[in-house]
Student: 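Before I ask anything, here is the structure I am working with.
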Amino acid sequence: MPELPEVEFARRQVAAWFGGHRVDEIVLHDERLLAHGATARLIGQRVNAVERRGKFLLVRLEEHTLVLHFKMTGKVVPQDGRRARMTVSIGGGLYDFVDTRRLGKAWVVEHDALDDATVVGVLARLGPEPWPVPLEAGVLHAQLGGTRRAIKVALLDQEVVAGVGNIIAAESLWRAGLNPASRAGDLTQAQLGTLCDAICAVCESVLAVEVGEEIAYLNDPGRGEAPNPFFVYQRDACTSCGAAIERLTQAGRTTYWCPTCQGGRR
DNA sequence: AATTATGTTGCTAT
DNA sequence: CATAGCAACATAAT
């Protein structure tokens with residue numbers, strides 16, 4: 001279930017594993033991941049770069065780009081026996097796209113087609129990147145365009161800001177002291193500037209704890225006993241003031257928030 | 001058994 | 001057009 005920092009971590013790993021090598025073989029085990037036959041075009045091509053846009057991973061080969069989206073549970077891992085949806089043989093190693101819920105998607109496209117607004121989901125329409133440099137308040141303000149939607153809902157819109165998901169949105173709003181139900185278009189430049197800094201800081205802090213061979217997701221098996229690394233997400237008590245954390249449903253997702261630190265009920 | 005889960009898309013209604 | 005709500009995709013855990 002990666003958001004921007006986890007996909008960035010995956011980018012670094014895949015760059016280290018694939019970069020500079022030619023694809024030897026790709027075996028597609030699950031045609032719901034990628035159209036049948038699409039991988040044949042990649043065989044023998046060298047991986048020139050591995051890039052990230054929002055939550056999309058872009059494996060740039062000589063003629064085509066392999067685009068990956070992990071959705072809720074996808075990852076690329078060195079082959080270890082888990083059921084794989086796709087196996088890539090490259091640089092003398094075998095790497096699997098594993099994905100418990102099998103919601104992830106992949107595409108093979110010509111480089112030019114990445115800019116086509118209809119080819120790879122929302123990729124060509126993504127908003128600006130909020131990390132590693134915080135967005136300017138004015139940029140976020142322009143992206144919000146005076147919308148009347150709640151700020152939490154707007155932050156989840158990949159066309160507003162790229163890469164922010166449910167946890168980062170909640171954590172950022174908590175750090176910025178903003179009510180998640182606030183009308184996005186009503187926020188001041190000062191509030192938006194604080195929010196931009198918070199989003200960047202949350203991304204940085206999540207990335208900082210991703211070390212080792214594999215992305216660690218909060219709900220992964222074996223992580224059940226690990227302490228919750230977040231300040232408000234899945235908390236019972238506010239880590240700042242101790243008040244009871246409340247939850248509400250916005251855009252079908254659970255928002256955790258502190259009514260004391262985040263502007264009170266509305 | 002029902003609910004929930006770091007995501008996106010598409011449909012329907014207002 | 002803007003917005004909200006919900007189902008769908010698929011699986012596992014509580």
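All chains are named by letter (A, B, ...) in the order of the sequence lines, taking the proteins before the strands, and each is independently numbered beginning at 1.
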Student: Checking one residue: A:L58. Which other hydrophobic residues are in its cluster under the side-chain 4.5 Å linking rule?
Tutor: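 Under the 4.5 Å side-chain rule, A:L58 groups with A:F56, A:V67, A:W107, A:V109, A:L114, A:V119, A:V120, A:V122, A:L123, A:L126.
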Student: Let me know the distance between CG of A:L103 and P of B:dG7, rounded to the nearest Å.
Tutor: 11 Å
Student: Across the strands shown, which category fits A:K55 at heavy-atom distances under 4.0 angstrom: base, sugar-phosphate, nothing?
Tutor: sugar-phosphate
Student: A:M72 has an atom CE; how far is it from atom C1' of B:dT8, in whole Å?
Tutor: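 Result: 10 Å.
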Student: Might you work through the salt bridge (Lys or Arg N to Asp or Glu O under 4.0 Å) test for A:R53 and A:E129, ending with a clear yes or no?
Tutor: CA-CA 8 Å; A:R53 275 290 280 132; A:E129 296 283 339; 2.7 Å; yes
Student: Reading 5' to 3' and counting Watson-Crick or G-U wobble pairs with both distances under 3.5 Å, write the dot-bracket notation for DNA chain C, | for bases paired outside the strand.
Tutor: .||||||||.||||
Student: Would you indicate which nucleotide in B:dG7, C:dT3, B:dA5 comes nearest to any side-chain atom of A:T254?
Tutor: B:dA5
Student: Name the closest nucleotide to the A:R32 side chain, picking from B:dG7, B:dT9, C:dA10.
Tutor: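 Minimum distance to the A:R32 side chain belongs to C:dA10.
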Student: Could you tell me whether a side-chain N or O of A:D99 sits under 3.5 Å from a main-chain N or O of A:G74, the two making a donor and an acceptor?
Tutor: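 Yes; judged by distance alone, with no hydrogens or angles, the pair exists.
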Student: Would you tell me if any nitrogen or oxygen in the side chain of A:Q158 comes within less than 4.0 Å of OP1 or OP2 on B:dG7?
Tutor: no
Student: For the side chain of A:R101, counting heavy atoms from C-beta on, which of B:dG7, C:dA10, C:dA12 is nearest?
Tutor: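 Of all the options, the side chain of A:R101 is nearest to C:dA10.
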Student: State which of B:dT8, C:dA10, C:dA12 makes the closest approach to the side chain of A:H69.
Tutor: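 Shortest atom-to-atom distance from the side chain points to B:dT8.
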Student: How many Å lie between CZ on A:R149 and C1' on C:dC1, as a whole number?
Tutor: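 Those two atoms, CZ and C1', are 13 Å apart.
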Student: Need one value for A:V122: base, sugar-phosphate or nothing, where a base atom within 4.0 Å counts as base even if backbone is also close, heavy atoms only.
Tutor: sugar-phosphate
Student: Counting only side-chain nitrogens and oxygens, does A:T147 get under 4.0 Å of the OP1 or OP2 atom of C:dT3?
Tutor: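 Yes.
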Student: Ignoring hydrogens and angles, state whether a donor on the side chain of A:K152 or A:N166 is under 3.5 Å from an acceptor on the partner side chain.
Tutor: yes
Student: Looking at A:E62, is its backbone amide N or carbonyl O close enough to the side chain of A:Q45 to form a donor-acceptor pair, meaning the two atoms are under 3.5 Å apart?
Tutor: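 Such a contact is found between A:Q45 side chain and A:E62 backbone.
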Student: Rounded to whole angstroms, how far apart are CG on A:L33 and P on B:dG7?
Tutor: 18 Å
Student: Take atom P in C:dC1 and the same atom in B:dT8, then report the distance between them in whole Å.
Tutor: 23 Å
Student: Between A:Y256 and A:F230, is the ring-ring contact (aromatic ring centres under 6.0 Å, His included) condition met? List the steps.
Tutor: CA-CA 11 Å; A:Y256 292 80; A:F230 303 110; over 10 Å; no
Student: Could you check how far CZ of A:F70 sits from P of B:dT8, rounded to whole Å?
Tutor: 13 Å
Student: What is the distance from CD1 of A:I168 to P of B:dG7, rounded to the nearest Å?
Tutor: 9 Å
Student: Take atom CZ of A:R253 and atom P of B:dA5, then tell me their distance rounded to the nearest Å.
Tutor: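 Whole-Å distance recorded here is 8 Å.
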Student: Find the distance A:E6:CD to B:dA5:C1' and express it as a whole number of Å.
Tutor: 14 Å
Student: Using 4.0 Å as the upper bound for N to carboxylate O, is an ion pair formed by A:R60 and A:E51?
Tutor: yes
